[in-house]
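Report on one structure; see the data block that follows.
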Amino acid sequence: MTELAYSAAAERNKQAILTVLRTFLPPRGVALEIACGTGQHVAWFGANLPQWTWEPTDLKADLFPDIMVRIGEARLGNVLPPRLLNVLGEAWRIEREDPDLIYCANMLHIAPWSCCAGLMRGAARHLAAGGRLVTYGPCLEDDVSTSEGNLKFDAALRDENPDWGIRRREAVEQVAHAAGLQLVARHAMPANNLLLVWERAD
Ligand SMILES: C[S@@+](CC[C@H](N)C(=O)[O-])C[C@H]1O[C@@H](n2cnc3c(N)ncnc32)[C@H](O)[C@@H]1O
């Protein structure tokens, strides 16, 4: 096996995320992944939801060779080659139009706040009728006390880059509403993460 770019967190959380996705995804469809990172999530979901077609994308292409190897080694015919996609781009250039699922894990806190609006507007523009956006990652919430771990993580993120930081769910919801999306489900996940499901408000 080749030594590939690896995220211990992605390895830990991929099954818990898949378990939740299985509760509401239809048996088949097209999924667009935003901010795919190492590609561990898309490889896991591709292998375990074989009737779905997956298109991984990211702002940066440096891990794309590793993702190609990961997809090849797992013989995943349902995962497309990764593509460059910046959520801030006016037009998202994607291979498979009208995705039924747009999936974005762990980007909102490690990107400028403007990326939240970019993600929401792009999802509202591109989702198929009845499609869903799923966001996953740490989140602060007005009516839920913040764990010590998330407070420390938030401080460390802001130290590293003042534009980063754990976002407040209510603020993300406001941005989503402005883009025409509404929150339809909230799943508390291990290690103080949230999996949020969004749909077009109309
Ligand atoms: C912490 S990694 C998350 C990777 C993977 N989703 C996971 O959960 O392991 C954050 C990713 O967000 C991507 N990213 C940051 N800004 C972005 C933008 N404007 N558009 C698309 N992706 C972006 C980075 O390139 C990086 O791969």
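Count residues from 1 along the sequence. Reckoned from all heavy atoms, side chains included, excluding hydrogens, waters and symmetry mates.
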Sub-4.5 Å side-chain heavy-atom contact between Leu59 and Leu85 | no
Shortest non-hydrogen contact from Ile166 toward Asp154 = N-OD1, 2.8 Å
So do Arg22 and Asn48 actually touch side chain to side chain, heavy atoms under 4.5 Å?
-> yes
Tightest non-hydrogen contact, residues Asp142 and Glu170, listed as N-OE2, 2.9 Å
Arg200 side chain to Ala124 main-chain N or O, any donor-acceptor pair under 3.5 Å?
-> yes
Mark yes when over 12 heavy atoms from residues, nucleotides or ligands other than Arg83 sit less than 6.0 Å from its CZ; otherwise mark no.
-> yes
Atom CD of Glu90 with >12 non-hydrogen neighbours under 6.0 angstrom | no
Please confirm whether the backbone N or O of Gly37 pairs with a side-chain atom of Asp58, one donor and one acceptor, at under 3.5 Å?
-> yes
Looking only at non-hydrogen atoms, find the nearest pair between Leu80 and Thr53 and report the distance.
-> CG-CG2, 4.2 Å
Apply the side chain to side chain contact (heavy atoms under 4.5 Å, CB included) test between Ile102 and each candidate in Val30, Ile94, Ile34; give the one that qualifies.
-> Ile34
Say whether Leu108 and Val144 are linked into one hydrophobic cluster, either directly or through other cluster members, by side-chain heavy-atom distances under 4.5 angstrom.
-> no
Should the pair Arg186-Glu141 be classified as a salt bridge under the 4.0 Å nitrogen-to-oxygen rule?
-> yes
CD (Gln182) and NE2 (His177) are apart, to the nearest 0.5 Å, by 6.5 Å
Quick one: CH2 on Trp113 to CG on Asp163, what's the gap to the nearest 0.5 Å?
-> 13.0 Å
N/O donor-acceptor pair under 3.5 Å between Glu55 side chain and Arg96 backbone = yes
Taking the side chain as C-beta and beyond, is there a heavy-atom pair between Val172 and Trp198 under 4.5 Å?
-> yes
Chi angles and distances behind the side-chain contact (heavy atoms from CB on, under 4.5 Å) call for Ile67, Thr38 | CA-CA 6 Å; Ile67 295 175; Thr38 61; 5.9 Å; no
Heavy-atom donor-acceptor pair, Arg158 side chain to Gly165 backbone, under 3.5 Å | no
Around atom CZ of Arg121, are there more than 12 heavy atoms of other residues, nucleotides or ligands at under 6.0 Å?
-> no
Note: Met120 and Val175 closest approach over all heavy atoms is CG-CG1, 4.1 Å
State plainly whether the residues Asp100 and Arg132 are in salt-bridge range, i.e. N to O under 4.0 Å.
-> no
Decide yes or no on side-chain contact (heavy atoms from CB on, under 4.5 Å) for Val87 and Trp92, but give the supporting numbers first.
-> CA-CA 7 Å; Val87 292; Trp92 288 4; 4.0 Å; yes
Do Asp98 and Leu127 have side-chain heavy atoms sitting under 4.5 Å apart?
-> no
Between Val184 and Leu119, is there a shared hydrophobic cluster once you connect ILVMFWY residues whose side-chain heavy atoms come closer than 4.5 Å?
-> no
Tyr6, Ile17: one ILVMFWY side-chain cluster at the under-4.5 Å cut-off?
-> no
When every non-hydrogen atom of Met107 is compared with those of Ala35, the smallest separation belongs to CB-CB, 3.8 Å
Determine whether the side chains of Ser7 and Glu11 contain a donor N or O and an acceptor N or O closer than 3.5 Å.
-> no
Judged by atom type as modelled, is there a donor-acceptor pair below 3.5 Å linking the side chain of Thr135 to the main-chain atoms of Cys104?
-> no
Any side-chain heavy atom of Arg169 within less than 4.5 Å of one from Leu183?
-> yes
With no hydrogens and no angle check, is any side-chain donor or acceptor of Asn13 less than 3.5 Å from a backbone partner on Ala9?
-> yes
Answer yes if the side chains of Asn106 and Tyr136 hold a donor-acceptor pair under 3.5 Å, and no otherwise.
-> no
Measure centre to centre between the rings of Phe45 and Trp52, then say whether the value is under 6.0 Å.
-> no
Side chains of Gln15 and Trp44: donor-acceptor distance under 3.5 Å anywhere?
-> yes
Leu196 reachable from Phe24 in the ILVMFWY side-chain graph, under 4.5 Å edges | no
Among side-chain atoms of Tyr103 and His41, is any donor-acceptor pair under 3.5 angstrom?
-> yes
Closest approach of Met189 to Leu194 (non-hydrogen atoms, all atoms of both residues) = CG-C, 4.1 Å
Between the main-chain N or O of Ser147 and the side-chain N or O of Asn192, is there a donor-acceptor pair closer than 3.5 Å?
-> no
Spell out, yes or no, whether Leu88 and Ile110 are grouped together once hydrophobic residues are joined by side-chain heavy atoms under 4.5 Å, including indirect joins.
-> no
Test side-chain contact (heavy atoms from CB on, under 4.5 Å) applied to Leu195 and Val197, step by step = CA-CA 7 Å; Leu195 187 153; Val197 186; 3.8 Å; yes
Kindly indicate whether the side chain of Cys139, heavy atoms from C-beta on, has any atom under 4.5 Å from the side chain of Asn193.
-> no
Between Arg70 and Asp66, is there a salt bridge with N-O shorter than 4.0 Å?
-> no
Polar side-chain atom of Gln40 near backbone of Lys14 as donor-acceptor pair, under 3.5 Å | no
Less than 4.5 Å apart, any side-chain heavy atom of Val134 and any of Leu21?
-> yes
So do the side chains of Phe64 and Thr57 get within less than 4.5 Å of each other, counting heavy atoms only?
-> no
Pair Leu181-Leu133, side-chain contact (heavy atoms from CB on, under 4.5 Å): steps then yes or no = CA-CA 9 Å; Leu181 298 178; Leu133 166 69; 4.0 Å; yes
